[in-house]
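Every value quoted in this text rests on a predicted model; they were computed, and no experiment measured them.
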Amino acid sequence: MQSVEGLSQVELDEWNEQLQEIGQHYQALMHELLERMAPDAAADSIQADMREAFQAGAEALMRNPQLLWQTQARLVQDQYQLWQQGLSAMAGEAIEPLVKAAKGDRRFKDEAWQEEPYYRAIMQQYLLFSGAVEELIDRLEGLPEQQKRNLGFYARQLVNAMAPTNFITTNPEVMRRTMETRGQNLIEGLAQLRRDLANSADGLNVAMTDRSAFEVGRNIAVTPGYVVYENELIQLIQYTPTTEKVYKTPLLIVPPWINKYYILDLRQDNSFVKWLVDQGHTVFLISWRNPGPEQRDLTWADYMQMGPIAAMEAIEQACGEKSVNLVSYCIGGTLAASTVAYLTSTRRGRKIKSVTYMATLQDFRDPGELGVLLSEPILKGIESRMEQDGYLDGRSMAYTFNLLRENDLFWSFYVNNYLKGENPAAFDLLYWNTDGTNLPAGTHGWYLRHMYLENRMVEPGGIELDGVKIDLRKISTPSYFVSTREDHIAKWNSTYYGALLPKGPVTFVLGGSGHIAGVVNPPHKSKYGYWTNDELPPDHEAWLEGADYHEGSWWPHWQRWMTEAGYADADKMVPARQPGEGQLPLLEEAPGRYVRMTIPEVLGEVAAKES
């Protein structure tokens, strides 16, 4: 017997079973969400800031009713044109779209958005609306620049959340998938959503990759070496040499402790660590501990003393060398700069022969869109939460960073995982991106306030560490700064001004691409390119105007800088140093225990795996 829709009774029964299972998943999901809705000071402060931004925008709009009228009139006109296009399309005429998605907007890549009138109309209505909102905010007058930036960020988040691609019935790919699988995709998607919620702190950490495909020490972070020193905060890895001779001065890498060090040792073909070893450097690297509540009182000074300073003392025991070349990345670079300034003020500046800062903020004049979430009220909410817990959950930090690129790093996975019911592909970079670290309350709150909010690091004596007021302007250590042009985390129009601070010789290089790809850019791929300029004018745009462009990676340029100036002296090579040859014993093989610890293991949510 056939139903009125042309389905047999058996098919109707199958659909009914699927709908019942979807309903059960949905009820369980709602129960979990309700359990997570306890008041939270950080979330409340963000919501209050959002309300304040929209209220300020509404008041500015009321003071300029003509702008509102013009926007509404243009939208009405656009809707009329869309209606006319729809009539023409029904008559069989070829139609040129009224508006097209921006180049690189992958949400509307399916052919149905162009070929089927229903979906084409939905897409164009959405694009016209989102464009009108963006233009309206851009033309608002009388708002402080910071509040206007906040309003634009919050409005963009809401507009992108409303995209038709994010809903079942207005996404052609999802509709096809639902019909093909008779709703099984939605069942699998809801199950995945519940799993992701269970592995989230605040917000929703969407699964980005097949985590079972990777294991630290097995197919990522595999450059050979040994842990030769450890304390409560770090393990120090010494890598096994691959050359018969090495430079006399060892090299110490200070990576960020927001995420883990192995972004610099992801695969053998793009490992910065392996490349450095192959150039003849004796490479040491700090592997930071993934902290929990027990480390709540660790300070920035503790990170300095137990991090790079303790590592340099250990390196002297391992190699007999009293100085190192320092290479640092992101917040690790901010710590490196404060360490060099501290050693300079305590007359130990010669312990560092040269310092390299990769995508590092020292002058926080423009924190980018991260600044939206670091206003005084929001920061107080974050501090209150950290005071309660003793740490900032790294999964919350990951969620925040993903919202800076919400369409690529959140909504695309939301659609793929929960609506299409597909498993994310295996991608090592995204595995690293989701392998986060917690941040100690005593360090992170201080960092956000003193650097991001108050920008005190650029002030002479603005930062005090262990009773020593530091001044970046006193640093005479030769410095190499490399930033990237599309970096949205450490924007180069801020990192550049850090290069103007030291009194010693400075080289500034601007790479292509962004915060990760522009730094982790191995020479054999010949990608992105970089700019150099021997001058350091007071304005970053003036620097770029006078810069020369070069093809390929900046890594060989850095190596020439090291060798030509003698920081890595090719005339004073020594026999390759094997880990364990000095006074430090071999504790365990690289990558060590610390980097393997996940947030759920640290917080006792799951049992820690045996190393």
- Task: Say whether, by atom type as modelled, one donor and one acceptor occur between the side chain of T437 and the main chain of N259 under 3.5 angstrom.
- Result: yes
- Are any of the side-chain heavy atoms of Y154 and F54 separated by less than 4.5 Å? yes
- Is there a donor-acceptor pair closer than 3.5 Å between any side-chain N or O of N438 and the backbone N or O of G394? yes
- Message: Is it the case that the side chains of Q192 and D196 hold a donor-acceptor pair, with the cut-off being a distance below 3.5 Å and no angle test?
- Response: yes
- Message: Considering only residues two or more places apart or on different chains, which pairs with a residue in residues 396-421 satisfy salt bridge (Lys or Arg N to Asp or Glu O under 4.0 Å)?
- Response: R106-D408, R156-E406, E173-K420
- Message: Could you check whether any side-chain N or O of K491 sits under 3.5 Å from a backbone N or O of P367, counting only pairs where one atom can act as donor and the other as acceptor?
- Response: no
- What heavy-atom pair brings Q146 and S375 nearest, and what distance separates the two atoms? NE2-CB, 4.5 Å
- Message: Ring centroids only, cut at 6.0 angstrom: are W554 and Y530 within range, meaning strictly under it?
- Response: no
- Validation row, ring centre H515 to ring centre Y329 under 6.0 Å: yes
- State, with a plain yes or no, whether a side-chain heavy atom of Y431 is found less than 4.5 Å away from one of Y262. yes
- Message: Quick check: closest heavy atoms across D487 and A359, and the distance to 0.1 Å?
- Response: OD2-CB, 3.7 Å
- Is the shortest distance from a Lys or Arg side-chain nitrogen in D428 or R267 to a carboxylate oxygen in the other one below 4.0 Å? yes
- Query: Which residue pairs satisfy the side-chain hydrogen bond (donor to acceptor under 3.5 Å, both in side chains) criterion with at least one member in residues 124-137, sequence neighbours excluded?
  - Reply: R74-E135, Q79-Q125, R107-Y126, Y126-N160
- Task: Go through the side-chain N and O atoms of R485 and S513 and say whether any donor and acceptor fall under 3.5 Å apart.
- Result: no
Output a table of donor-acceptor pairs, distance under 3.5 Å, between side-chain atoms of residues 518-526 and any protein atom two or more places apart or on a different chain; print 'none' if there are none.
unit_1 : atom_1 : unit_2 : atom_2 : d
N521   : ND2    : K527   : O      : 3.0
H524   : NE2    : D269   : O      : 3.4

- Establish, yes or no, whether a centroid distance under 6.0 Å links the rings of W555 and F272. yes
